[in-house]
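Each remark here refers to the structure printed beneath this line.
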Amino acid sequence: MRVTPIEAILPLLTTALLLIVTLLSGSTAFYWPLAAGAVVAAGLALRNGFRFPQLGRAALDGIRSTLIALSILVLVGGLIGVWKAAGTVPAMIYYGLGLAQPRILVPVAFLLALATSMMLGTSIGTLSTLGVAIMGVAHGIGAPPALVAGALASGALFGDRSSPLAGSLNLNVAMTGTELRRMLGVLAPTGVTAALISLVLYAVLGARISVAAGAGGEALRTAIASNFTITPWLLLPPVIVLALAFFRVPVRWALGVGIVAGGVLAVLVGGKSVGVPVEAALVGFKVQTGDLALDKMLAGGGIIPMLNQVILILVAGAFNGIMEATGMMALVVSRLVEGARRPLALIGTSMLISISVALVAANQALAIIVPGRMLRPAFESAGLDATELSRALADSGTVLAGIIPWNLMGMLAAAALGVPVRVFAPYTFFALVLPVVSVGRAALAERRAAKRLAVAD
C-alpha cells in the first residue's frame with residue numbers, strides 16, 4: 001500500500017494545530033505537538049504496510065541527524081553558566097557600560113551583530129559572545145530587552161544567511177546546485193534592502209530610549225566591581241571563541257574551549273573552587289550580592305534547565321525521520337508545487353514550503369535541505385535559474401527559523417540572549433521584512449518580463 005496525499009498531510013496538520021494550542025495556552029512544552037505528529041505519522045505508516053522496525057530505524061536516523069545541533073544547544077547553556085560564574089559576563093557588562101550610549105545602542109547592536117556574523121559565519125558564536133555582552137548593557141541602562149535582543153538576532157541572522165563562511169549558506173548552495181561566489185551577488189539585493197529597512201526601524205525606536213535610562217549604568221558598574229574581580233583577563237574566553245570561529249574551528253569545539261577557559265579563569269582569577277564553574281555549567285549560576293537587580297541579571301545558564309529544549313529536538317528528529325523515510329514529506333512537497341506554474345507562484349510556494357518545514361520540523365537545516373533537493377526539478381522545468389530557488393530558501397525558512405520558539409535556531413538565540421523567542425520575535429525586523437522584500441522583488445521581475453514579452457509581440 002502507498003500513503004495517500006491526504007494521509008501524508010495529516011501528521012503535519014496535527015502538529016500545526018497542537019502547536020497553535022500550545023502557543024495560545026502560554027506553554028513552552030512544544031515537544032508534545034511534535035510527538036503527537038510522530039504518533040499519527042507512525043500509525044498511518046503501519047496502516048500502509050510499514051513495520052515497527054522500519055519506523056524505529058527511521059526515528060533513530062532522524063534523532064542522529066540532530067545530535068550535532070543538540071550538542072551546540074547544550075554547550076551554549078553550559079557556556080553561559082560558566083562565564084557568569086567566572087566573572088566573564090559581569091566584566092563584559094562592566095566594560096560595555098562605560099561605552100554605552102542609550103539612544104544609539106539598538107542600531108549599534110544590530111550593526112555589530114551583522115558585522116560579527118558576516119566575519120565569523122556563525123550566528124550562535126555571535127550571540128554567545130557579543131550578544132551576551134550587549135544584553136547585559138541593555139539591562140544595565142534600562143533599554144528594552146526585547147528590542148535589543150531583536151536587533152542582535154537580526155544582525156546575527158543576516159550573517160547566517162549571507163556570509164560565505166556560514167554553514168547555512170554553504171548547505172543552501174550544495175542542496176540547490178548553485179555556485180557560492182555567484183550566490184553572494186544574488187543574495188545581496190534583497191538582503192541589503194531588508195537590512196537598511198531594519199536599521200532605520202532600529203534607529204527610530206532606539207532614539208526613543210530616554211537618555212536618563214543610562215543613569216543607572218554607573219551604579220551597576222559599581223555594584224559589579226564590588227562583587228567581582230574585574231580584569232581584562234576575564235574577556236579572554238569570548239576572544240578565544242571568536243578567534244576559533246574566525247579560523248573555521250567547528251562551533252561546538254569553539255564553545256567547548258570557551259567553557260574550559262571560563263572555568264580556568266573562575267579558579268585562577270575569581271578565586272572560586274573547581275566545583276563552582278562545574279555546578280554553573282550543569283544547573284546554572286546563582287549569586288547573592290544583596291542587589292536584587294544584579295542577582296537577577298547574572299543568574300542563569302546551565303545544561304539541566306535546557307532539558308525541555310533537548311527533549312523537543314529529540315522528538316522533532318524522530319518525527320522528521322519518520323516523515324522522510326515513509327515518503328510523506330516528499331509527497332506533501334510535490335503536491336504543493338504541482339499547482340505552481342508561473343515563476344512568481346513557484347518562488348512563493350518554495351518560500352512557503354521552507355517556512356512550513358522550519359515551523360514543523362523545528363530545524364533550520366531541514367528548511368533548506370527538504371525544499372532544496374525536492375524543488376530543483378520544478379525550477380528546471382519552469383526555466384528558472386537555480387539561484388532563484390537558493391534565494392527563495394535564504395529569504396524565508398533560513399531566517400524565520402530564528403524567530404520560531406520551538407525551532408532549534410530560535411532556542412539557541414534565546415539561550416544566548418536570555419530573552420524568550422516570543423518576546424524578541426516581533427522586533428527581529430530583518431527576519432520579518434526579508435520575505436516581503438523577496439516576494440516583492442520576484443513580483444517586479446515577473447512584471448518586467450511580461451512587459452518585455454508584450455513589447456516584443
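Because the structure is a prediction, the values reported are computed rather than measured. Note: hydrogens, waters and symmetry copies are ignored here, and every other heavy atom, side chains too, is used. One-based numbering along the sequence shown.
The shortest side-chain heavy-atom distance between M119 and L242 does not fall under the 4.5 Å cut-off. Side-chain contact check for F429 versus L205: some heavy-atom pair is nearer than 4.5 Å. Between V241 and W83 the shortest side-chain heavy-atom distance falls below 4.5 Å. Within the 4.5 Å cutoff, no side-chain heavy atoms of M409 are placed close to those of S168. Here the side chains of S354 and P371 are in contact, with some heavy-atom distance below 4.5 Å.
Taking CG of L375 as the reference point, atom OG1 of T349 lies at 9.0 Å (rounded to 0.5 Å). The distance from the CG atom of L180 to the CG atom of N170 is 5.5 Å, given to the nearest 0.5 Å. To the nearest 0.5 Å, the span separating CG on L79 from CD1 on I124 amounts to 11.5 Å. The structure places CZ of F430 at 13.0 Å from CG of L201, a figure rounded to the nearest 0.5 Å. Rounding to the nearest 0.5 angstrom, the gap separating the CG atom in L70 from the CD1 atom in I313 is 7.0 Å. Remark: L157 CG to Q364 CD distance equals 7.5 Å, nearest 0.5 Å.
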(message) As a quick check of understanding, evaluate side-chain contact (heavy atoms from CB on, under 4.5 Å) for D395 and R441, giving each step before the final call.
(response) CA-CA 11 Å; D395 291 354; R441 180 199 170 280; over 6 Å; no

(request) Kindly indicate, with the supporting measurements, whether the criterion side-chain contact (heavy atoms from CB on, under 4.5 Å) is fulfilled by R422 and L23. (result) CA-CA 9 Å; R422 66 176 74 192; L23 275 173; 4.1 Å; yes

(message) For a side-chain contact (heavy atoms from CB on, under 4.5 Å) check, start with the C-alpha distance between S162 and M118, then their side-chain angles and the critical distance, and finish with the verdict.
(response) CA-CA 7 Å; S162 310; M118 280 296 294; 3.8 Å; yes

(request) For the pair M328 and L44, evaluate side-chain contact (heavy atoms from CB on, under 4.5 Å) and give the outcome as yes or no after the intermediate values. (result) CA-CA 10 Å; M328 293 186 192; L44 290 170; 4.0 Å; yes

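Atom CZ of F379 sits in a crowded spot, with more than 12 heavy atoms from other residues, nucleotides or ligands closer than 6.0 Å. At most 12 heavy atoms of other shown residues, nucleotides or ligands fall within 6.0 angstrom of atom NZ in K286.
Smallest separation of non-hydrogen atoms from A414 and V421: CB-CG2, 3.7 Å.
Looking at R182 and S390, their side chains never bring a donor and an acceptor atom within 3.5 Å of each other.
Listed by chain and number, the residues in a salt bridge (charged side-chain N to carboxylate O under 4.0 Å, His left out) with R64 are D61 (sequence neighbours excluded).
Pairs of residues two or more places apart, or lying in two chains, that qualify as ring-ring contact (aromatic ring centres under 6.0 Å, His included) and include a residue from residues 24-44 are F30-W406.
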